[in-house]
Amino acid sequence: MTSDPAANALPAARAPLREGGARPLSVLAVHEAHADFVWCSLQRLGVRRSDLDDLFQEVFIVVHKRLHTFDGSSLVTTWLFGICLRVAAAHRRRAWFRRETPTADLPDLDGTPPSDRPDELYAVRQARATLERVLDTMDLEKRAVFVMFEIDELSSEAIAAILGVPVGTVWSRLSGARKQFQAKLSRLQRAEEKGVVS
Amino acid sequence: MSEPTRLRDEGPDPLRALLRNAPRTRSMSVDEHARTRARVGRFAASLAVGAGSLAWFQGAAIGAGLGLLAVGAAEELPALLSPPSSIAPAAIRSSPGGLGSKSPLSARPAPAVSPPPPPAEPPSSPASSAAIEPPSPRSVRPAAEPVPKAAEPLSETDSLAQEAALLERARAALGPTPAAALELTEVHASRFPRGKLGMERELVALEALRRLGRAEEARTRGEALLARAKGGLYEARIRQLVSGAP
């Protein structure tokens, strides 16, 4: 195992944004290469499906604005993840995010094996709702590490490459994220038992 | 040290159940990629003609609820666009975003590659910054350079991106060689007679005429354009150009 995050990144992410130091790439080029990364990162940072398009666009506006400042000293994906983090954080701070839970955002059953047992489907939906509630209360960075490792099953090396940190740091952050997740889950379950949370 | 075990595999029972039911992060579909690329291309194109915030409102209207983004776009003016035919060098084709999930985009063919132009220089004056960013002379292709025609019909997304790129080149030429910029707008008009960025093209053309000292022509053309733009997002900017204001 290597502790060099860059060693685990795909060549695309290591490529400087200035080819030969002379030609800056455009926002469209960044989109072409990294749209899916931004799309996935925003979800990992808790952006709901109904907000994904708008937040995605917001990220690329920032990319367009700041592209000239990117000097290739970090991976493109690390730089993009930082932008996603700030955009998602601003989104979370907006009061409506905390107040509103659109029906369309209730956990769906994507990826669930078909079942003719409504009770099973209900249990899955309930589990996803609980999971979302807990994740929504976590610090964004912890949430992202937790989701990448525990749900998306990315390797520590891959996460390190995305975050631009050593693998050991990923493990440390994962440990902190797990503690926070379990603490938030316990708090939610206690609240539900008391009927505080519907 | 070894990789930590995952809670879904070896965690406490309640956690395992919770995490095993969790949906994985979903990769972009091909349609989503095309749609977002078109939107990025559109706002980039609008910035290319110095009306970023206005055109972005159009995008916002389409996308719904993007007022906040429009505020951000109003601050957007770096000229970093390159022709879409130059995007996506193979070296940056993919990213680790889709790790852990299969992306439907992975099988998409890479667009053709050609060298992008260098960035434009900062605006020469605050007053004109909203409309013009004088580019480096190196960023301007000779006006006589033929624009290759597509061998096959372009998809709507590709077509829009090419329109945007061509107009960006025109915009970049405004500062050093407005005549070249004007010619590029004519290339755009002939190549995309029913293009989606016709209004943006006309704005560049008006600006080019104004810079060439062809004020009367700019006024005539601008007034004709006003008839189409009345009540629209570009009306104020067109009036500004027609009046000769910077």
Side-chain angles (χ1 to χ4, degrees), chain A residues 1 9-13 15 19 22-29 31-41 43-44 53-54 56-58 60-62 64-65 67-68 76-77 107 110-112 124 127-128 130-131 147-156 158 161-162 168 171 174 178 182, chain B residues 1 3-4 6-8 15 17-19 21-28 32-33 35-37 39-41 43-44 47 59 63 65-66 68-69 72-73 75-76 78 80-82 84 86-89 91-101 103 105 111 115-119 161 164-165:
Chain A
M1 185 182 305
L10 298 177
E19 291 180 303
R23 294 177 183 148
L25 297 177
S26 72
V27 65
L28 281 171
H31 179 278
E32 187 67 26
H34 300 295
D36 190 51
F37 173 78
V38 170
W39 188 261
C40 289
S41 294
Q43 291 175 73
R44 288 165 181 152
D53 266 18
D54 290 353
F56 179 90
Q57 191 73 27
E58 196 167 343
F60 274 90
I61 286 176
V62 177
H64 189 48
K65 184 176 183 179
L67 192 56
H68 67 288
V76 175
T77 45
D110 289 354
T112 305
V124 170
R128 290 187 178 185
T130 299
L131 183 65
V147 171
M148 284 191 276
F149 187 84
E150 302 288 1
I151 297 176
D152 290 341
E153 298 188 70
L154 301 195
S155 67
S156 301
I162 290 171
W171 292 352
L174 178 62
R178 284 174 163 177
Q182 288 178 302
Chain B
M1 290 192 291
E3 183 88 351
R6 290 187 167 80
L7 292 176
R8 67 189 299 158
L15 277 184
L18 207 55
L19 293 170
N21 282 317
R24 289 190 180 195
T25 299
R26 185 178 63 81
S27 284
M28 262 185 152
E32 286 162 343
H33 190 274
R35 187 179 71 238
T36 56
R37 185 169 183 265
R39 291 176 73 186
V40 169
F43 91 72
L47 296 176
L66 292 182
L68 180 71
L69 304 187
E75 301 171 1
E76 294 285 319
L80 291 164
L81 286 177
S82 62
S86 70
I87 65 174
I92 63 159
R93 269 296 303 160
S94 58
S95 72
L99 286 172
S101 57
S103 169
L105 301 173

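Below, each value reflects all heavy atoms present in this structure, side chains not excepted, and no hydrogens, waters or symmetry copies.
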J.: Any side-chain heavy atom of B:E3 sitting closer than 4.5 Å to one from A:F149?
T.: yes
J.: Where is the tightest heavy-atom contact between A:E150 and B:L7, given as atom of each residue plus distance?
T.: OE1-N, 2.8 Å
J.: Could you tell me the separation between the CZ atom of B:R35 and the CG atom of A:D53, rounded to the nearest 0.5 Å?
T.: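 Reported to 0.5 Å precision, the distance equals 4.0 Å.
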J.: To the nearest 0.5 Å, tell me how far A:Q43 CD sits from B:R24 CZ.
T.: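 It comes to 13.5 Å.
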J.: Could you tell me whether the side chain of B:T25 reaches within less than 4.5 Å of the side chain of A:M148, counting heavy atoms only?
T.: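 A side-chain contact under 4.5 Å is absent here.
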J.: Do A:H64 and B:V40 touch side chain to side chain, with heavy atoms closer than 4.5 Å?
T.: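 No; the side chains remain at least 4.5 Å from each other.
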J.: Do any N or O atoms from the side chain of A:D36 and from the backbone of B:M28 form a donor-acceptor pair under 3.5 angstrom?
T.: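 Yes; judged by distance alone, with no hydrogens or angles, the pair exists.
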J.: What are the two closest heavy atoms between A:I151 and B:R8, and how far apart are they?
T.: O-NH1, 3.3 Å
J.: What's the spacing between B:T36 OG1 and A:H31 NE2 if we round to 0.5 Å?
T.: 3.0 Å
J.: Looking at every heavy atom in both A:L174 and B:P4, which two are closest together, and how far apart are they?
T.: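 Reported closest heavy-atom pair: CD2-CG, 4.2 Å.
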J.: Do B:H33 and A:W39 have side chains that get closer than 4.5 Å, going by heavy atoms?
T.: no
J.: Taking 4.0 angstrom as the limit, do B:R37 and A:E32 come out as a salt bridge?
T.: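 Salt bridge: yes.
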J.: Give the minimum heavy-atom separation between B:R6 and A:L154, together with the two atoms involved.
T.: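 Closest pair (atom of B:R6, atom of A:L154, distance): NH2-O, 2.6 Å.
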